[in-house]
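To start, the structure under review is shown below, and the notes come after it.
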Amino acid sequence: MPEAMVAARASDATNSATTQTVDVAVVGAGFAGLYILHRLRKAGFSAVVLEEGGDVGGTWYWNRYPGARCDIQTIDYSYTFDPELEKAWTWSEKYATQPEILRYLGFVADRYDLRRDIRFGTKVKQATWDEAGERWQLATDKGASVSCRHYIMATGCLSSPKPPEIDGVKDFKGEVYFTGRWPHEEVNLKGKRIAVIGTGSSGIQSIPIIAEQAAQLTVFQRTPNFALPAHNGTAPADRKTMLESDRAAYREQARWSLAGVPYPQQMDVSWQLSDAERRERFEKAWAAGDLVHILTQLWADQAVDVDGNKLVSELVREKIRGVVKDPDIAEALSPHDHPFGAKRPCLDTNYYATYNRPNVTLVNLRQEPIKAITASGITTDKRSFDVDVIVFATGFDAMTGAIMAVHPITGRAGKSLSSVWAQGPQTYLGLTVAGFPNLFMITGPGSPSVLSNMAVSIEQHADWVVDRLVALREAGFTTMEATETAQTGWARHMADCATLTLHRLANTWYTGANVPGKARGVMPYTGGVGPYRSICNEVVSGGMLGFRLKGPNGAEQCNDGEVVRLQPDVRLVLGMLAQMNLPPIETMGAQGARDFLDEFNKARPAGRPVGEVGEGMLQGADGPLPYKLYRPATPGPHPIVVYFHGGGWVLGDQQSDDPFCRDMCRRTGMIIVSVGYRHAPEHRFPAAAEDGYAATRWIAEHAAEFGGKPGPVLVAGWSAGGNIAAVTCQLARDRGGPPIAGQLLVCPVTDCSFDRPSYTENAAGYFLTRGLMFWFWDLYCSPADRTDPRVSPLRGKLEGLPPAYIVTCEFDPLRDEGIAYGDALAKAGVPVEQLRAHGQFHSSFTMVDVIITGVSGRAKMAEALRGFAGLPKQESERRAPPEINVAAK
Ligand code: NAP
């Protein structure tokens, strides 16, 4: 019998009793709770929504402060599940006001008759998992308690205001307001002396309006924020036309986009654009008054690279200086402590211009911290301000506060959610928590939530959850719970994603830094809405991967595992390659494969600028060879790195690894000489090996002509180039030089044995396939020669070789032979360090500016090379991305 029917009967039976029995209980009647209730009803579940507020609206019910509006364009910040609903409602403005959004949510509640299943003014005091009954038991502060099979937290991310953390608030004799709990009655601010503490989105939206009403407004700012003009008005014609011309396509594009708003992926990187081009793009974004536009459409590196970001930050600061007349105030309002976008930028109307008003004062709390709030006002350590009203725009205990701090949630074996999350939230997909069966969160930590258009994320989460409940019911299961393996894997994927963007570099509510004592870590999922959606779908198509499902009579299903093991950007690149459905490279013929690679490389971002790039010819083993030279911008002489490109001894040339050579040049401050050694099948073994050695010798002998430092050179190479670099070190040792100070081997070929596990595990699907490797070997080297150390250096003598830094990638057929070489070198007494990069594939480190998660690995390689050359460690930002900035408040 469907549970809804059981519940309906139970509900009847308990009408007069003190427990309401339903299939599903939902907390919160905001955007999420309303839609879930609608979906649950349509799916035949009995449901109740418990809502503390007096009406629907959630965040829009509580945040009624002057100037409150949405900051995603309202045409995007709407439900999309019902085309009829879309036709029935027209927004009056580009960014609707809080009252209009509240009216919209009321309209939705009426249209689908939702209020009859919502218990308003009701707070859940406690939620406990009843192991025997397999139900959640909820204690409420009003009316019947609730017994439910499934418990869904639709509590929002920013609904638990944080305490002011300032002494003396209770002593203040005037009026006190919190933007997050603004009174429902009219608040008269006219002619009053008002203090606003806090300059986040709430402060920045309310300050200009309060300034118009106040006799005197004093703004207490601890950290300035970036804000851009909203240019509110009617919805922009271009976006509206796009939506109306094909509504379904527009909505679908939003669902698969990065931020939940249909914008294309920006491909141009900042260093490809001139100053004038960058300014033009910036001015266009500034005029658009759209957060998603300015956060995603300027240049591809703006959100992922410190240098690319600095360019935007400076342009915004220039705007602030252009508006605020007093240069000292302009400087105080200009953020310098975080990258643009790492903290949520604000949308404003006249915010900066407000500081030109005679009745507005800015107090910079970095220079004069608040000492206390007194009966008459606020005292800093320099002066006192008498005020009639204090407005706290001090923010929220975000993301976890709304779930954890609202009421105790006790899961399996009596474990409380607060103890499980003491070191930071742990979730699977941001939707579920191991140990808490049948508990779901909508836009919880671990979901794209606040980094996306919430309306799009809410619909996706709600659909996914309700669809799972339907499938569970149909399969006869009663509980669903994330496994520890899946949850740990999600935490790792979250951490991988967090290295992609710059959010980790700011003290924000995204990282828990705004609440004293709260565990730090990037809480929202930074991998994007579209990728997240595809992962959720994969969990389902993978047989509910990472979930344990249980039912009556011991029925159980558990397909345990981690849903994403690849780095997020590797996953994207491999996904794109798979979509291209290319023929295997080994079927193209050598020339065809070379032509293909040329085309493929053209689609990659150009390498970054270095001091100088030159070309020339050097002497190889059997005639001249071309080379490409990369010189740093710093004064020389510099140590020289002789570099060998990848391509299986068949493909590539001295410039095919150009972005990687530039990156190494910039990071190491050394000269990189990339050698165009001879290729198979035209020149078979040992041509490439002998060229590598001869070229190294020649470069060492001509170091001064290159502007190189006298003394040993270094060698480096990727893939087959790593093979040549390793072989060169052995030959140099055995043939009387040149002296080599160190070797960097990135995913090197080291042996002709193909039976190590990585050859099988990663045989296909990661671009470099087992079949391609066989083809390379066949073209370069006949079977009889393969055990020669000049192609299988693992089989050579390893004592007395220069120190090595060996990089291997988890999803690479060559992984295990690289590790084996490192281990063997160490055994032979060679100083060796290994970087075993998880989630990366064979090409990760050379796809500079495509595989952003390779940055820290490349930084470590550069440090290793500098170490070999005897150069000091670098302290610059080009090193490994710093951890979260934990500067004291
Ligand atoms: P917020 O961004 O966390 O800002 C809080 C402000 O209060 C910060 O300037 C903070 O300074 C300051 N503050 C906190 N405690 C303080 C203390 N003890 N002493 C002095 N200053 C203190 O909070 P919010 O403005 O409410 O915004 C939160 C989020 O809600 C936004 O980022 C946005 O996502 C959403 N929101 C959106 C809109 C919209 O436009 N739709 C409007 C409002 C809110 P520090 O930075 O130094 O901590």
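Quick note: numbers below take in every heavy atom, side chains included, and nothing from hydrogens, waters or symmetry partners. Counting starts at 1 for both ligands and their atoms, following the listed order.
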>> Which of the numbered atoms in ligand 1 are under 4.0 angstrom from any heavy atom belonging to Gly395?
In response: 3 (O), 5 (C), 23 (O), 26 (O)
> Applying a 4.0 Å heavy-atom criterion (strictly less than), which segment of Lys162 is in contact with ligand 1: side chain, backbone, both, or neither?
Replying inline: side chain
>> Using a 4.0 Å cut-off to any heavy atom of Ile197, which atoms of ligand 1 qualify?
In response: 20 (C), 21 (N)
> With sequence neighbours excluded, what pairs up with His231 under the ring pair (Phe, Tyr, Trp, His ring centres under 6.0 Å) test?
Replying inline: none
> Between His38 and Tyr79, does the ring centroid distance fall short of 6.0 Å?
Replying inline: no
> Can you tell which of Glu165, Lys343, Arg222, His338 gets a heavy atom nearest to atom 46 (O) of ligand 1?
Replying inline: Lys343
> Hey, is Leu158 touching ligand 1 through its side chain, its backbone, both or neither, going by heavy atoms under 4.0 Å?
Replying inline: side chain
>> Please identify which of these residues, Val391, Ile378, Val363, meets the side chain to side chain contact (heavy atoms under 4.5 Å, CB included) condition with Ile197.
In response: Ile378
>> Which heavy atom of Ala32 sits nearest to which heavy atom of Ala154, and what is that distance?
In response: CB-CB, 3.8 Å
> Could a heavy atom of Leu365 be found less than 4.0 Å from some atom of ligand 1?
Replying inline: yes
> Taking non-hydrogen atoms only, is Ile370 closer than 4.0 angstrom to ligand 1 via side chain, backbone, both or neither?
Replying inline: neither
>> Looking at ligand 1, is there an atom of it that comes within less than 4.0 Å of some heavy atom belonging to Thr199?
In response: yes
> For ligand 1, does Ala398 get within less than 4.0 Å through its side chain, its backbone, both, or neither, judged by non-hydrogen atoms?
Replying inline: neither
>> So if I count the atoms of ligand 1 from 1 in the order they appear, which ones are less than 4.0 Å from some heavy atom of Gln205?
In response: 39 (C), 40 (O), 42 (C)
> In terms of atom number and element, which parts of ligand 1 are under 4.0 angstrom from non-hydrogen atoms of Arg69?
Replying inline: 39 (C), 40 (O), 41 (N)
> Does the side chain of Arg366 pick up a donor-acceptor pair with the side chain of Asn364 at under 3.5 Å?
Replying inline: no
> Does Tyr65 have a non-hydrogen atom less than 4.0 Å from ligand 1?
Replying inline: yes
> Side chain or backbone of Ala68 under 4.0 Å from ligand 1, or both, or neither, by non-hydrogen atoms?
Replying inline: neither
> Does an N or O from Phe396, backbone or side chain, lie closer than 3.5 Å to an N or O of ligand 1?
Replying inline: no
> Is any NZ, NE, NH1 or NH2 atom of the basic residue among Lys123 and Glu51 found under 4.0 Å from an Asp or Glu carboxylate oxygen of the other?
Replying inline: no
> Does the side chain of Thr234 pick up a donor-acceptor pair with the side chain of Glu93 at under 3.5 Å?
Replying inline: no
> Any idea which of Ser201, Cys157, Pro164 brings a heavy atom closest to atom 37 (C) of ligand 1?
Replying inline: Ser201
> Hey, is Arg321 close enough to Glu314 for a salt bridge, meaning N to O under 4.0 Å?
Replying inline: yes
>> Pairing donors with acceptors under 3.5 angstrom, does anything connect the side chains of Ser159 and Trp62?
In response: no
> Of the listed options (Gly200, Pro369, Ser202), which comes nearest to atom 2 (O) of ligand 1 when hydrogens are ignored and any heavy atom counts?
Replying inline: Gly200
>> Can you confirm, on distance only, whether ligand 1 has an N/O atom lying under 3.5 Å from any N/O atom belonging to Asn225?
In response: no
> Do Asp290 and Gln73 have side-chain N/O donor and acceptor atoms under 3.5 Å apart?
Replying inline: yes
>> Heavy atom to atom 3 (O) of ligand 1, shortest distance: which of Trp509, Trp60, Tyr95, Tyr77 holds it?
In response: Trp509
> Is the shortest N/O to N/O distance between Asn514 and ligand 1 below 3.5 Å?
Replying inline: no
> Side chain, backbone, both or neither: which part of Phe392 comes within less than 4.0 Å of ligand 1 when only heavy atoms are counted?
Replying inline: neither
>> Please list, in number order, the atoms of ligand 1 under 4.0 Å from a heavy atom of Cys70.
In response: 41 (N)
> Between Arg251 and Glu459, is there a side-chain N and carboxylate O pair less than 4.0 Å apart?
Replying inline: no
> Are Arg520 and Tyr510 in a cation-pi contact, defined as NZ or CZ under 6.0 Å from the six-membered ring centre and within 45° of the axis?
Replying inline: no
> Does one side chain, of Thr526 or Arg504, offer a donor that lies under 3.5 Å from an acceptor on the other?
Replying inline: no
